[in-house]
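Bear in mind that the values here come from a model prediction, so they are computed numbers and not experimental data.
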Amino acid sequence: MFCNMFSVSQGSVLEAAVFGLDPYSQYSFCVEAVNGAGSVSSPWVEVMTLEASPTGLGNFTVKQREEGRALLLSWDEPHAPNGVIRVYNLYSEGNLEFSGLTRSFLFRRLEPWTVYSLTLEACTKAGCAHTPLQHITTAAAPPASQLPPRPLSVGSDHVSFTWDPPSQPNGPIGKYSLLGRSLEERRRLGINKEDTDGAKVLFTETSPQQAESLSYTVTGLRPWTQYEFRVCTHNTAGHTCSPWVTVTTRQAPPRGLASPTVRHVQDRPSEVVVSWAPPLEPNGVLQSYRIYRNNVSFSFSFDPTVLTYTDKDLQPFSTYSYSVTACTSEGCITSPQTNITTLEAPPVMVEAPTVDAITSDHVNISWVKPLMQNGEVTEYVLKMNNKEAYRGRDLNTVLSDLQPHTSYQLVLLACTRGGCTTSNTRTVVTEEAPPTHLAAPTLKVTGPESVEITWRPPNHPNGIITGYELCRDGKVIYVGTDTHYHDFTLQPSMEYSYVVRANNSRGTVSSEVATAKSHPSAPSGVGLPTLTSLEATQVRVEWQTPARPNGQIVSYAVYLRDPVQLNITNAVFTPEHSVFSDKQIILQGLSPYR
């Protein structure tokens, strides 16, 4: 207790008003009377001042709660309550949010990153006191209600997007991210649609202007492909992403069309099989394929399900180039070319060989290349009378060791790896040559004075035999075309030699000598014997060989005729007797002088 002195100058005043007291405070008062002799004080009297409105009400103490959606407000008692605080009232934007005696309040259902104007009121029985407006901003929270990006234009390889800020930014937006992914890839990886896995950040804006829409063009996309896009919005408290929006890029000309595969058809040199694979990137719905051969398009196209074609009526051993064009509604692509040389085939129009310099035993043969070779001629085969006479790559040859005046059938074969073609037949006849190999004539003795001669034409007449000459013992006895002759006027038991000569335009050939002996006949031209008397009873008889023995003498017979007795005796002498060779004999026992 402390005491203050209040003085009253006039003793006649018996009351006084005291000011400057604190409301709702207990004071003690006493009266002191003073005169000239001294003073005296009354007993102390206690009195309580009335209540008044509080004063010294301070601001809130604020703590953020529930990610910006609540505020924990607390406050102290007024510095001067000036009475008994009967209630505290909390007003937000003029609306009563709290009324009570506790000095804290959890202010819920607030919006993040929002400024709230709060006023605290403290009331006593005498009145209320208000704090000045206190502006409190709730904490930031992750953004919410981000709408997906809107495609402005869609191309084959790009999409232009625009998007607005989220309707609930819940704080200052610090970054926008545009994410994208392929729908096909997401499905392949088994990623849930709402997940962000597999997505790539395509665009980031780190200094966005608040409350302004943004736009971005995504490039490098694949044509005719489904993509998913979303926008993620970031603030200091977190981020939120919009739902995915699916966009299908437009079609484009295909890409990655490989050159076709071209292969031969066995044993069909005029055909090839062209096959191809679909483009690696169809970039849309394939509408057709078209084949180009030697840069010239076929007059027809193929359904996109057809991937092979057999091209016919081609020239053998010719080089062709093939390419394939694949088309979508937005354009076409042409593959690189594939070159192929068709299989070789047998040549066409092989001319018969040409013959010159013909002799009796050889000919010069030449030929020209086929008009249409249909390949590389690997060899020529010349057949003569169906037998191979030459094989090689030259265009001429000489056939030797031929037979004179002989007809030969010549055929030329021109061969490639695809087969051979035969020319027409060329007939050639060699020139004549002197005949050869004329056999000795055949002799048939037909009597002691005749021989039949026959002969055959030469084994190699080497031409046309114009006639024969028959020589006997070197003398011509016949000239003609017959091949037989009967020679008369011969001597019996005589050996004759015969030679035949055959003639053609080029010469003569003589046969070997043939000999024959005519049949024997009785000798003729036997001369008289020579008689010489040796004694009265002896006579030597001598004789000579017959002028024409007409054969081989096989015996001599000496006859003796007695003119008186009229009898004839004879003696026969064969070669075993010496008389035969001596051609004499002495006859004995004769009658004298007779």
Side-chain angles (χ1 to χ4, degrees), residues 403-405 432-530 541-560 568-585:
Q403 296 298 321
H405 195 65
E432 295 186 2
T436 59
H437 297 89
L438 179 60
T442 300
L443 305 181
K444 180 180 180 183
V445 179
T446 57
E449 298 179 350
S450 64
V451 172
E452 184 180 22
I453 305 100
T454 58
W455 59 91
R456 296 176 61 83
N459 291 343
H460 302 291
N462 296 339
I464 298 174
I465 300 299
T466 57
Y468 296 98
E469 294 180 5
L470 179 62
C471 298
R472 181 205 321 129
D473 296 335
K475 294 182 179 180
V476 177
I477 62 173
Y478 169 77
V479 174
T481 57
D482 291 337
T483 56
H484 61 87
Y485 180 75
H486 212 148
D487 190 14
F488 295 99
T489 69
L490 303 180
Q491 296 296 323
S493 193
M494 290 290 291
E495 186 175 78
Y496 295 93
S497 63
Y498 291 91
V499 173
V500 176
R501 289 198 294 264
N503 301 304
N504 65 14
S505 62
R506 292 291 182 177
T508 302
V509 63
S510 297
S511 70
E512 297 291 331
V513 176
T515 60
K517 191 174 184 179
S518 58
H519 289 168
S521 64
S524 62
V526 178
L528 294 175
T530 300
V541 181
E542 298 175 306
W543 62 89
Q544 297 294 325
T545 301
R548 292 187 292 278
N550 292 337
Q552 182 178 2
I553 301 301
V554 295
S555 66
Y556 288 105
V558 178
Y559 291 86
L560 174 65
I568 298 174
T569 62
N570 65 77
V572 178
F573 303 99
T574 61
E576 289 80 12
H577 292 81
S578 61
V579 174
F580 185 88
S581 59
D582 292 340
K583 296 183 182 62
Q584 65 178 3
I585 187 174

Once rounded to the nearest 0.5 Å, what's the spacing between atom CZ of Arg456 and atom OG1 of Thr483? 9.0 Å
Considering only heavy atoms from C-beta outward, does the side chain of Glu449 approach that of Ser518 to under 4.5 Å? no
Flag the pair Val509 / His460 as yes when at least one side-chain heavy-atom distance between them is below 4.5 Å, and no otherwise. no
I'd like to check Thr454 versus Lys444 (side-chain heavy atoms, cut-off strictly below 4.5 Å). Are they in contact? no
OG-CD1 distance between Ser581 and Ile553, expressed to the nearest 0.5 angstrom: 14.0 Å
Would you say Asp582's side chain and Gln584's backbone share a donor-acceptor pair under 3.5 angstrom? no
Any chance CD of Glu495 has more than 12 other-residue heavy atoms, nucleotides or ligands included, within less than 6.0 Å? yes
What one should report as the nearest heavy-atom pair of Val526 and Pro523 is CG2-CB, 4.5 Å
Atom CD of Glu452 and atom NE2 of His484: how far apart are they, to the nearest 0.5 Å? 8.0 Å
Centroid separation under 6.0 Å, is that true for the rings of Phe580 and Tyr556? yes
Nearest heavy-atom contact between Pro575 and Val554 is CD-O, 3.2 Å
To the closest 0.5 Å, what do you measure between CD (Glu432) and OG1 (Thr466)? 8.5 Å
Distance check, rounded to the nearest 0.5 Å: Ile585 atom CD1 versus His577 atom NE2? 8.5 Å
Min side-chain heavy-atom separation Asn504-Ile464 under 4.5 Å: no
Do any N or O atoms from the side chain of Asn503 and from the backbone of Thr508 form a donor-acceptor pair under 3.5 angstrom? no
About how many Å separate NZ of Lys583 and OG1 of Thr530, when rounded to the nearest 0.5 Å? 13.0 Å
Is a donor on one side and an acceptor on the other found under 3.5 Å between the side chain of Ser555 and the backbone of Thr574? no
On a heavy-atom basis, the closest approach of Pro461 and Pro458 is CD-O, 3.3 Å
Non-hydrogen side-chain atoms of Ile453 and Tyr478 separated by less than 4.5 Å: no
Which of Thr442, Thr515, Asp487 passes side-chain hydrogen bond (donor to acceptor under 3.5 Å, both in side chains) with Tyr498? Answer is Asp487
Count the heavy atoms of every other residue, nucleotide or ligand shown that sit under 6.0 Å from CD of Glu542, and state whether that count exceeds 12. yes
Within the side chain of Tyr496, is there an N or O that forms a donor-acceptor pair under 3.5 Å with the backbone of Gln491? yes
Given side chains that start at C-beta, do those of His486 and Ser450 come closer than 4.5 Å, heavy atoms only? yes
With no hydrogens and no angle check, is any side-chain donor or acceptor of Ser511 less than 3.5 Å from a backbone partner on Leu438? no
Tell me, do Arg506 and Pro434 make a side-chain contact under 4.5 Å, heavy atoms counted? yes
Closest heavy-atom pair, Ala440 versus Ala514, reported as atoms and distance to 0.1 Å, is CB-CB, 4.2 Å
Student check: side-chain heavy atoms of Pro549 and Thr545 closer than 4.5 Å: yes
Has the side chain of Asn459 got a donor or acceptor atom that lies under 3.5 Å from a matching backbone atom of Thr436? no
Please name the pair of heavy atoms, one in Asp482 and one in Tyr468, separated by the smallest distance, quoted to 0.1 Å. O-CD1, 3.4 Å
